[in-house]
Amino acid sequence: MNICLSKFSFLQLCLFLVFSVMGIQSSWATRCVQGQGFTSTTNIDRQPNSSNVTTVNSIRVTNSNQGAGTLLWQSPVYTTTFTCYDDYATNGTERAYLWLDDNTKTLAQAFRDTNLVIGVRYNGVDYPIDSLSDFKVDTGFNAIVTQPNTSIAQDNCNFIGKQVYGGWLFPYPTRSCSSPQTINLSYSLYIKARGSGKNYSSNARVYQAFQLDGAYARNYNGNFQEKLSNITINYIDCITNLNTQNVDLGTYYAYEDINTILRRTPFTINVTTIGQDCAKYPFVGKFTSNTQFDSTTLTASEPNMKNVIGIQIFPQDGTQPIPLDTNFDFGSSNGSTLIKSFDAGVKFLAKPTNSGAFTSILNYEVYFK
């Protein structure tokens, strides 16, 4: 009886160890480092994590921009090169993934009950970091690729410090590694309004947005991590309302000069502001148009006048046109209103061959600086 129990215990222990080893193997198959890869033999197990830290700084959140999904902040689009290695000698093909958050879900926990959502934008899709379970984004690239040539596969192992031979007990090759892949990824980070929740108050933390890794789990060392720091939110009690108007630019004659401002028509943008914080901060504005001709000019909407009529916006009595799709100082509210005066200048971009009325739409945005 004692012998049987002893054998049974030994079998249990062996099975437990086998399953543990299989689990570790799946977790440590890929390491992705920043750059074009190593230029000489290295011990990949000694490579530290690398990172890019994006400093967010102050974001002003008002009563009117807390609707669910409102974009409050976005980082630049980062385009970065990475090289991934087979650090567990699997000699298999494996995809590269963005593993959102860190292993303990620090970021999701910190913002879970707040009125903010942080996320990653990749390939035109927004991925909120808002889950307490693992979530990974397929980059669409292979991190490592099976190497069928045994000699090259063994060289791949030696290059990253993975000993191919098993020592005196196994004096023959025991390891082969996949071929590393160099990939270029473009992504950005964002902060959006959740639409409900408490105000976020802590700005001292550095949060991990994602780690680039293989298909199964995160490595603890040797991989790239994108991080966020100094997230500072200023909540402002102010509601704004913009009043629009139509501007009559007058009548023109086909014989008039081209590429010369023929007439300037004044107009104003009126902003009403309600709230105790409206006068505390300056505003910035931006003009855009879906009929933009160049960086400072929009043109007519009608097909027969498109690229014939040009319109430029000037500061009142200013000599230089305001660039489109570019922020400019808009001034400060007196607590209830904000009025900004401009001139709209009309010119011919080419000699008109048709007569008739023309229209154009100028969009404008005003928000806290």
Side-chain angles (χ1 to χ4, degrees), residues 21-53 77-103 105 119-127 129 131 133-164 174-189 208-227:
V21 170
M22 289 173 66
I24 292 172
Q25 178 173 339
S26 295
S27 301
W28 298 84
T30 305
R31 293 199 200 192
C32 296
V33 299
Q34 195 170 2
Q36 295 285 347
F38 305 119
T39 57
S40 60
T41 302
T42 188
N43 186 336
I44 200 168
D45 290 335
R46 296 178 182 175
Q47 292 297 316
N49 289 323
S50 63
S51 63
N52 177 62
V53 181
V77 176
Y78 299 117
T79 299
T80 310
T81 300
F82 304 96
T83 303
C84 302
Y85 293 90
D86 179 7
D87 76 330
Y88 207 81
T90 62
N91 199 11
T93 296
E94 191 172 327
R95 301 277 267 197
Y97 289 84
L98 308 181
W99 287 80
L100 302 187
D101 214 337
D102 61 16
N103 201 40
K105 307 297 176 289
V120 177
R121 178 170 294 173
Y122 181 74
N123 273 351
V125 179
D126 290 345
Y127 296 95
I129 305 173
S131 174
S133 59
D134 272 337
F135 185 80
K136 61 182 186 290
V137 178
D138 188 350
T139 65
F141 295 97
N142 286 328
I144 54 176
V145 174
T146 300
Q147 176 50 252
N149 186 306
T150 301
S151 176
I152 296 177
Q154 292 170 5
D155 289 343
N156 289 339
C157 287
N158 285 327
F159 187 75
I160 58 174
K162 297 297 180 180
Q163 185 178 357
V164 172
T174 59
R175 287 187 172 185
S176 59
C177 293
S178 304
S179 290
Q181 300 296 298
T182 297
I183 58 179
N184 293 305
L185 302 181
S186 295
Y187 61 89
S188 62
L189 309 174
Q208 182 176 308
F210 68 81
Q211 176 169 306
L212 180 63
D213 216 316
Y216 298 105
R218 298 170 176 84
N219 272 322
Y220 288 101
N221 293 302
N223 284 65
F224 173 83
Q225 298 172 344
E226 179 65 44
K227 297 182 178 181

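Ring planes of F210 and F224: tilted class, angle from 30 to 60°.
Side-chain contact between V145 and T93: present, with at least one pair of heavy atoms (C-beta onward) separated by less than 4.5 Å. For the pair L185 and T79, the minimum side-chain heavy-atom distance is 4.5 Å or more. Contact check for N43 versus I160: no side-chain heavy atoms found under the 4.5 Å cut-off.
With respect to D86 and K162, no salt bridge is recorded, no charged nitrogen being found less than 4.0 Å from a carboxylate O. Residues D101 and R218 are not paired through a salt bridge, judged by the lack of any N-O separation under 4.0 Å between the basic side chain and the carboxylate.
Proximity of a side-chain donor or acceptor of Q154 to a complementary backbone N or O of S176 within less than 3.5 Å is not detected. W99 contributes a side-chain N or O that, together with a main-chain N or O of G214, makes up a donor-acceptor pair within less than 3.5 Å. Side chain of N91 to main chain of A153: no donor-acceptor pair is present (N/O by atom type, distance under 3.5 Å, no hydrogens or angles). In this structure, T139 contributes its side chain and A96 its backbone to a donor-acceptor pair below 3.5 Å. N123 contributes no side-chain N or O that, together with a main-chain N or O of V125, makes up a donor-acceptor pair within less than 3.5 Å. A donor-acceptor pair under 3.5 Å is formed between the side chain of D102 and the backbone N or O of K105. Without hydrogens or angle criteria, N221 side chain to P48 main chain gives no donor-acceptor distance under 3.5 Å. A donor-acceptor pair is defined here as one N or O able to donate and one able to accept, closer than 3.5 Å; no such pair exists between the side chain of N142 and the backbone of I144. Not a single donor-acceptor pair under 3.5 Å links the side chain of Q225 to the backbone N or O of V53. Of the possible donor and acceptor atoms, none in the side chain of T42 sits under 3.5 Å from a partner among the backbone N and O of I44.
Neither side chain, N223 nor N49, offers a donor N or O lying under 3.5 Å from an acceptor on the other. Between T81 and N184, the side chains place a donor N or O and an acceptor N or O closer than 3.5 Å (distance only, hydrogens not considered). Counted by atom type alone, S179 and Q147 present one or more donor-acceptor pairs between their side chains at under 3.5 Å. Looking only at atom types and distance, the side chain of N52 has a donor-acceptor partner in the side chain of E226 under 3.5 Å away. Between the side chains of T146 and S178, not a single donor N or O lies within less than 3.5 Å of an accepting N or O.
Across all non-hydrogen atoms, the minimal contact from V164 to C157 is CG2-CB, 3.8 Å. When all heavy atoms are compared, the tightest approach of Y187 to V120 is CB-CG1, 4.5 Å.
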Verdict with supporting geometry, V33 and F38, side chain to side chain contact (heavy atoms under 4.5 Å, CB included): CA-CA 9 Å; V33 299; F38 305 119; 4.0 Å; yes
- Could you walk me through whether Y85 and N156 pass the side chain to side chain contact (heavy atoms under 4.5 Å, CB included) check? CA-CA 9 Å; Y85 293 90; N156 289 339; over 6 Å; no
